[in-house]
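Right, one structure below, let's go through it.
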Amino acid sequence: EGLLPTFQSLLQKGAWGITQDPPGINGCHWPTFLSGVSPAQHGRYWAQQIQPGTYEIKPFGFPWEPFWNVLSRAGRKVALVDSPEAPLADDLNGIQIIERHSYSQKTSSIQTYPSSLAVQLETSLGKEPVGSWRTAGRSLADLKDFRQNLMTSIEKKTKLVSHLLKQDEWDFFLTAFREAHWAGHQCWHLHDPKHPEYDPEIARSLGNPMKDIYIAIDAAIGELLQQVSPETTVFIFASTGMGPNYTGVHVLDEILLRIENPQRAAMRQEVGNTLNSLKRYKFLRQLKKRLWKPIQNLRNKGKQPISQLSNRKCFQVPSSEAFGGIRLNLVGREPQGKIQPGQEYEDFCQSLCQDLSELVNHDTGEPLIRNIFRSDEIYQGERPMGHPDILVEWNRNAPIASVSSAKIGKIDKVYWDSRTGDHKPGGLFLVSGASIEPRRIEHPTSIVDFAPTIASLLDVPLPHSDGEPISGVFSKEASIQS
């Protein structure tokens, strides 16, 4: 529609392609990008993971160093502004700014390297040089405030980056506009008229916040690109796509319980409601707006005790909404394992995958699951002990409020999360510069290839990367700013 002239220009003048996510995982794009290694090495698939040798779920600290540390040690001048999920550097030939958030109070603060940089920025730009909200209510007033906060955040970040670009001759400059991410999560229902929570009155009054945010980011990038020389290689990375947040994570553990104990299906079969499940989905999601806090408290209290997990053959582990994670209770790995390694493990996996493939979305008749992955097949070599054994990719064509199969019977349950939009596999990247030929890169590019590509442009070896420099795009003379 001509609303994103900067992106349109970059598509016409530079090379571009689609990114390939780590298979079966939707929660480790940035750790994979910044490390240049696959989840099989860096160990991260989600923010919270099972602790090896236990049944406890805890936050997962990222152990792999970012590739820009290697650039820094090689003498390259580095600037980082709010790189997602990146740790604050202990030592860097350059600067780093990280935005920290309080979800409950909708406040943010910054951490910097060196620490004195925070005071310098406050003197130059005032307090809160960056800051955006992650969540929003569903009233017109809440969504207006949310959109305005994101627009202001883009404006502040553009001013901050513009200021820093002038401070030195950087070899590598990276910044992230995460406002599109938050808008996609919280405002998808206003972008998608088919979404069950689409509100035509709010849409008429407010418009499309996602479109507004994308237009603002496009303008911000255009403004920043005016400050860099024509010889600079510019790299834009949009990590994932976005779509409706239809998921089955809320029914997965009950599915596993019923597969393991078919009698449970008869015992737990719920009495049908006079409303069909899709109407119930919309009704309960609307009710959630007023009851979210007590519902969240109840949901947290309802987590299964460790003693119950130890008695099962398999159980659900945390994951993104796009994929469900399943852990087998394996002898020799879990403290009270039930499945023996070897043939028993293979037979159980095969039987479980068959049962999962027979599940349907009861409201549409379509398969509930689009793909089933086994971690030991998609991640060859040494596999981190905390990963799921089986990952299921949900069929996200429609809301998932009722699921069924001959074995488990029928389960009716509505997903309570507040986000109406969520990530979907496949992102976009664009590269432009004096030495870049306009072209589309036909084959999807793995996320692990970006770190060695950038390092190669700066003539710095990256020996521990799983990826390879992207071929046929860059020349040796190019310098890079992202």
Side-chain angles (χ1 to χ4, degrees), residues 18-54 56-70 84-87 237 239-240 314-320 322-330 332-334 337 339 341-342 345-346 348-350 352-353 370-393 423 425-427 443-455 461-470:
I18 302 300
T19 62
Q20 184 179 56
D21 302 331
I25 298 177
N26 195 236
C28 65
H29 301 90
W30 285 103
T32 302
F33 171 84
L34 65 88
S35 66
V37 300
S38 81
Q41 281 208 66
H42 65 60
R44 163 72 180 266
Y45 81 92
W46 192 239
Q48 293 187 319
Q49 299 181 192
I50 194 166
Q51 302 300 295
T54 76
E56 296 184 40
I57 306 294
K58 292 183 178 179
F60 182 81
F62 188 66
W64 208 276
E65 77 166 351
F67 71 87
W68 48 74
N69 285 8
V70 180
E85 303 190 43
F237 175 57
S239 59
T240 68
C314 65
F315 49 87
Q316 182 180 6
V317 289
S319 65
S320 70
F323 297 89
I326 302 170
R327 180 91 166 178
L328 271 60
N329 197 0
L330 190 65
R333 186 182 67 183
E334 273 67 48
I339 304 292
Y345 176 90
E346 292 298 322
F348 187 85
C349 284
Q350 185 175 357
L352 178 59
C353 290
R370 190 183 302 277
N371 288 302
I372 301 174
F373 303 94
R374 282 183 53 173
S375 292
D376 58 355
E377 294 177 352
I378 58 177
Y379 294 108
Q380 300 294 324
E382 185 175 350
R383 183 160 43 96
M385 293 292 286
H387 275 210
D389 294 290
I390 294 174
L391 292 145
V392 298
E393 180 184 1
H423 308 284
H443 300 291
T445 300
S446 173
I447 293 176
V448 299
D449 291 339
F450 295 115
T453 299
I454 294 169
L462 200 63
H464 301 297
S465 175
D466 289 334
E468 298 287 341
I470 304 170

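- Leu352 and Cys314 get closest at one heavy-atom pair: CD2-SG, 4.3 Å.
- Nearest heavy-atom pair, Leu330 versus Tyr345, reported as atom, atom and distance to 0.1 Å: CD1-CD1, 3.6 Å.
- Qualifying side chain to side chain donor-acceptor pair (under 3.5 Å) partners for Asn329, counting only residues two or more places apart in sequence or in other chains: Tyr55.
- Taking every heavy atom of both residues into account, Cys353 and Ile390 meet most closely at SG-CD1, 4.0 Å.
- By the 4.5 Å heavy-atom criterion applied to side chains, Glu334 and Leu328 are not counted as neighbours.
- Checked by atom type and distance alone, the side chain of Arg327 pairs as donor or acceptor with a backbone atom of His387 at under 3.5 Å.
- Legend: residues meeting side chain to side chain contact (heavy atoms under 4.5 Å, CB included) with Asp466, ordered by chain and number and at least two apart, are Val37, Ser38, Gln41.
- In this structure Glu85 satisfies the salt bridge (Lys or Arg N to Asp or Glu O under 4.0 Å) test together with Arg44, sequence neighbours excluded.
- Here the OG1-CD1 distance, from Thr445 to Ile470, works out to 5.0 Å after rounding to the nearest 0.5 Å.
- Side chain of Arg333 to backbone of Pro341: no donor-acceptor contact under 3.5 angstrom is found.
- Annotation for Ile50 and Gly386: closest pair CG2-O, 3.5 Å, computed over non-hydrogen atoms.
- The CG atom of Leu462 sits 9.5 Å away from the OG atom of Ser35 when rounded to the nearest 0.5 Å.
- Side-chain contact between Val317 and Gln49 is absent, with no heavy-atom pair separated by less than 4.5 Å.
- In this structure, the ring pair (Phe, Tyr, Trp, His ring centres under 6.0 Å) partners of His423, at least two apart in sequence or on a different chain, are His181, His185.
- For the ring pair (Phe, Tyr, Trp, His ring centres under 6.0 Å) test, residues two or more places apart in sequence or in another chain that qualify with Phe450 are Phe235, Phe237, Phe429.
- The CG atom of Asp21 sits 10.5 Å away from the CD1 atom of Ile18 when rounded to the nearest 0.5 Å.
- Not counting sequence neighbours, Gln51 has no partner by the side chain to side chain donor-acceptor pair (under 3.5 Å) test.
- With sequence neighbours excluded, the residues that form a side chain to side chain contact (heavy atoms under 4.5 Å, CB included) with Ala322 are Asn26, Ser320, Arg396, Asp422.
- The nearest pair of heavy atoms linking Trp30 to Ser239 is NE1-OG, 3.9 Å.
- Judged as a side chain to side chain contact (heavy atoms under 4.5 Å, CB included), and not counting sequence neighbours, the contacts of Ser446 are Gln20, Val448, Asp449.
- Expressed to the nearest 0.5 Å, how far CD1 of Ile372 lies from CD1 of Ile326 amounts to 8.0 Å.
- With sequence neighbours excluded, no residue satisfies salt bridge (Lys or Arg N to Asp or Glu O under 4.0 Å) with Glu468.
- For the residue pair Thr19 and Gly427, the shortest heavy atom distance occurs at OG1-N, 2.7 Å.
- With sequence neighbours excluded, the residues forming a side chain to side chain contact (heavy atoms under 4.5 Å, CB included) with Glu346 are Gln343, Arg374, Asp376, listed by chain and number.
- The closest side-chain heavy-atom distance from Leu34 to Trp64 is not below 4.5 Å.
- Considering only heavy atoms from C-beta on, Tyr379 comes within 4.5 Å of Pro23 through its side chain.
- For the side chain to side chain donor-acceptor pair (under 3.5 Å) test, no residue two or more places apart in sequence or in another chain qualifies with Ser465.
- For the pair Pro388/Tyr45, a side-chain contact is recorded, criterion being any heavy-atom separation below 4.5 Å from C-beta on.
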